[in-house]
Protein chains: 2
Amino acid sequence: MNIRHFTFRLLQVYVAVVASGTVSEAARRLHLTQPTVSMQLKRLVEAVGEPLLESRQGRLFPTEAGSELYRASREVLGRFDDFDDYLSALRGGERGRFSIALVNTAQYVLPRLLGPHSQAFPEVEVTVHIGNRRQMLTRFERQEDDLYVFSHPPSLAHAKAGRFLRNPLVAVAPRGHPLAARERIDMSELLGERMLLREPGSATRMLFESWLQEQGLTLGRTLQMASNEAIRVGVASGLGLAVLSEHVLPPEHPDILILPVAGLPIESHWQFIVRSDRRLSHAALGFLRFAAGHLDACVEPRFLSNELEALLAGLERDESLH
Amino acid sequence: MNIRHFTFRLLQVYVAVVASGTVSEAARRLHLTQPTVSMQLKRLVEAVGEPLLESRQGRLFPTEAGSELYRASREVLGRFDDFDDYLSALRGGERGRFSIALVNTAQYVLPRLLGPHSQAFPEVEVTVHIGNRRQMLTRFERQEDDLYVFSHPPSLAHAKAGRFLRNPLVAVAPRGHPLAARERIDMSELLGERMLLREPGSATRMLFESWLQEQGLTLGRTLQMASNEAIRVGVASGLGLAVLSEHVLPPEHPDILILPVAGLPIESHWQFIVRSDRRLSHAALGFLRFAAGHLDACVEPRFLSNELEALLAGLERDESLH
DNA sequence: ATTTTATATAGATAACAATCTATGTAGGGT
DNA sequence: ACCCTACATAGATTGTTATCTATATAAAAT
């Protein structure tokens, strides 16, 4: 019984014959001619080496071996239908897995998207990596993830990007700070105080420093802390002032206030970045689709800046060129 | 995903690649060249429409879709291996089903073979039909069974036969019968008494009557009973005398004795009959093989007459001409 | 006995599977 | 920079599958 003489097609035909009980009827159902089905059957019998059907009362009934082959064929064909379903689910982004890498600051917002997405697609497994900008760039170079979230994309030579959220940087001070009462403050006035800064390699710090440079300002005393949370708590405790993403502040923040510094907030946007030299997993694509459609329901309207449709259009265009 | 582009061979190759983790190694294992395997893989990827493998650290790992295909392939190939095992069992006569039709008298002996056979081959289902010779002939004409047991075969045009057991017919009388003391009796002396006979259509009756005819004798008073048991009990109760198969008598039969009639026992043999125009089921063939080998262990030696090897040789010769 | 219906066989063909050899290319290791 | 190994592509060949039309045969129905 050489397995090479079996084809799925042959099994399909056989199943149709057993199910209908006649060769001609099976041929009709399969949109084949009767001799075609007869031949297939003959080949199958040869391949098995046993009679498979016997004719009684004008109908074909499977023999012992025939019944077992019928069972086997049904199972095998069924298994392939299942596989096909699995593929469809995979393609529809309903199942599968993807990984996403976030810059630290984005971790305050992304769960608002990831949570509902995983409710809607419970079969999709997501891995989230978090680190500062420099670490994310390394992951990006090494192609370790499906999606990346940056505020400023790396070279777009091998990547496509789509903005989805405003990320304003604001100056913050502890409640009761002397400058708090003022209506308008100049950044230069702040620089006399100690500034709490993120580590080098952080996107927030990079943005802040390049803004300062544009303004021709330089930092005075600083204190470096490698965490937005630590800085927020530090500011609240009077350790100094800071420039932070507004997303870092909790909805209610009675112990901290935002200073009305001229030129602030520093505007930036988070974007989803996709490597264009690497095929995007269906699950990741599914997440982007979900984000495009549900972003407005998941984040505060004032931060909205949804340019994901354009990204998706670009991706799907690529997809269609095989 | 057109199922026609999948072949079992393709799946075999794919499984080998996933299992070994490299194309070249799989090629070696399959005794193929590396490009052949590469090509197969390419075709499979096309057929599925998704990438199946990705290379990491110099080894190939299945993607999401690839893993599922691997699972499906293993199951499918496994199912076919099972089917192959099933076929082997069927061919070896270890499983399957057959039916056998016995003339009444043989029912006293055949269980001695059928019992041990079904111990040895518990997966084989046997159906036993019992009736008188005429009924068996009808079943034979209609090709209703795989095996038949007759003492005299029907026309051997469409059948092969093999003797396996002596079936001597003896004259019996109740214990204490006047003729019992005699050393030698003539059948003519018995015919004065009432003879208990089986129904017309019975093999025992047919044999007895044709023997009588040869001897130029005719029956006197008779009484007809359609069962060997009834006749045996009838004789024991003094209802008359009878000529019966010796097999009908229980091992101990204190109330009945065998008369030393000249010319008796009437010798006949039971035979297994197989239609030669109908393919014999493996299970039935298995039973014949079993009978050929174990007959001596299953029946009393004095009845042995095993010519089954010749029958089997004839059958297997046919088998080999397809 | 004749017609209808179901199945099998023959002969033909286009497409494809399965395989090879030869050659090109890319990723790791020294 | 170079080499080895693994993988991919190209081109060719052989055999098989899948399918058809036309026709013969067997079985059932009238």
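Numbers restart at 1 for each chain; the letters A, B, ... are given by sequence-line order, proteins then strands.
Across all their heavy atoms, His5(B) and Leu10(B) have their closest contact at O-CD2, 3.5 Å. The heavy-atom pair separating Arg91(A) from Val48(B) by the smallest distance is NH2-O, 2.7 Å. Ala291(B) and Phe272(B) make their closest contact through CB-CE1, 4.2 Å (heavy atoms, listed as atom of the first residue, atom of the second, distance).
The stretch residues 13-23 of chain B touches DNA chain D through Thr22(B), Val23(B), each having a heavy atom within less than 4.0 Å of the strand. For residues 42-54 of chain A, proximity to DNA chain D is found at Arg43(A), defined as any non-hydrogen atom under 4.0 angstrom from a strand atom. Within residues 66-73 of chain B, no residue approaches DNA chain D, by heavy-atom distance under 4.0 Å.
For Glu64(A), the salt bridge (charged side-chain N to carboxylate O under 4.0 Å, His left out) partners are Arg97(B), not counting sequence neighbours. Taking the ring-ring contact (aromatic ring centres under 6.0 Å, His included) definition, one finds that Phe6(B) meets it with Phe80(A), sequence neighbours left out. Glu25(A) is linked by a salt bridge (charged side-chain N to carboxylate O under 4.0 Å, His left out) to Arg28(A), Arg29(A), counting only residues two or more places apart in sequence or in another chain. Scanning for salt bridge (charged side-chain N to carboxylate O under 4.0 Å, His left out) contacts around Arg205(A) gives Glu209(A), with sequence neighbours left out. Residues meeting the side-chain hydrogen bond (donor to acceptor under 3.5 Å, both in side chains) test with Glu199(B), sequence neighbours left out: Asn132(B).
No more than 12 heavy-atom neighbours from other residues, nucleotides or ligands sit within 6.0 angstrom of CZ on Arg74(B). Enclosure of atom CZ in Arg139(B) by more than 12 non-hydrogen atoms of other residues, nucleotides or ligands within 6.0 angstrom is indicated. Within 6.0 Å of CZ on Arg59(B) lie more than 12 heavy atoms contributed by other residues, nucleotides or ligands.
Considering OG of Ser281(B) and CZ of Phe287(B), their distance stands at 11.5 Å, rounded to 0.5 Å. Note that the CG atom of Leu69(B) and the CG atom of Leu53(B) stand 9.0 Å from one another [nearest 0.5 Å]. Atoms NE2 and CG, from His129(A) and Asp145(A) in turn, are 5.0 Å apart once rounded to the nearest 0.5 Å. Between the CD atom in Glu125(B) and the CZ atom in Arg95(B) there is a gap of 9.5 Å [rounded to 0.5 Å]. Considering CG of Leu102(B) and CD of Gln135(B), their distance stands at 12.0 Å, rounded to 0.5 Å. How far CG of Leu285(B) is from CZ of Phe290(B): 14.0 Å, rounded to the nearest 0.5 Å.
Each end of the helix from dA1(C)-dT30(D) to dT30(C)-dA1(D) gets its own rotation axis from five pairs of C1' atoms, and the angle between them is 30° to the nearest 10 degrees.
Taking for each of Phe8(A) and Leu41(B) the nucleotide of DNA chain D with the nearest heavy atom, the 5'-most of the two is the partner of Leu41(B). Judged by closest nucleotide on DNA chain C, Met39(A) is the one of Met39(A) and His31(B) placed further toward the 5' end. Position along DNA chain D of the nearest nucleotide to Arg28(B) versus Arg4(B) favours Arg28(B) as the more 5'-ward residue.
The distance between atom CZ of Phe6(B) and atom P of dC16(C), rounded to the nearest whole Å, is 15 Å.
A ring-ring contact (aromatic ring centres under 6.0 Å, His included) check over residues 31-76 of chain B, counting only residues at least two apart or in different chains, returns nothing.
On the nucleic acid side, DNA chain D has its first and last nucleotide under 4.0 Å of a heavy atom of chain B at dA6(D) to dT19(D), going 5' to 3'.
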How does protein contact run along nucleotides 21-30 of chain C, one letter per nucleotide 5' to 3', with B for base contact, S for sugar-phosphate only, - for none, heavy atoms under 4.0 Å?
BB--------

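As judged by a 4.0 angstrom heavy-atom cut-off over every strand, Gln40(B) is placed among residues touching the sugar-phosphate backbone only. Note on Thr7(B): only backbone sugar-phosphate atoms sit closer than 4.0 angstrom, heavy atoms only; bases stay farther off.
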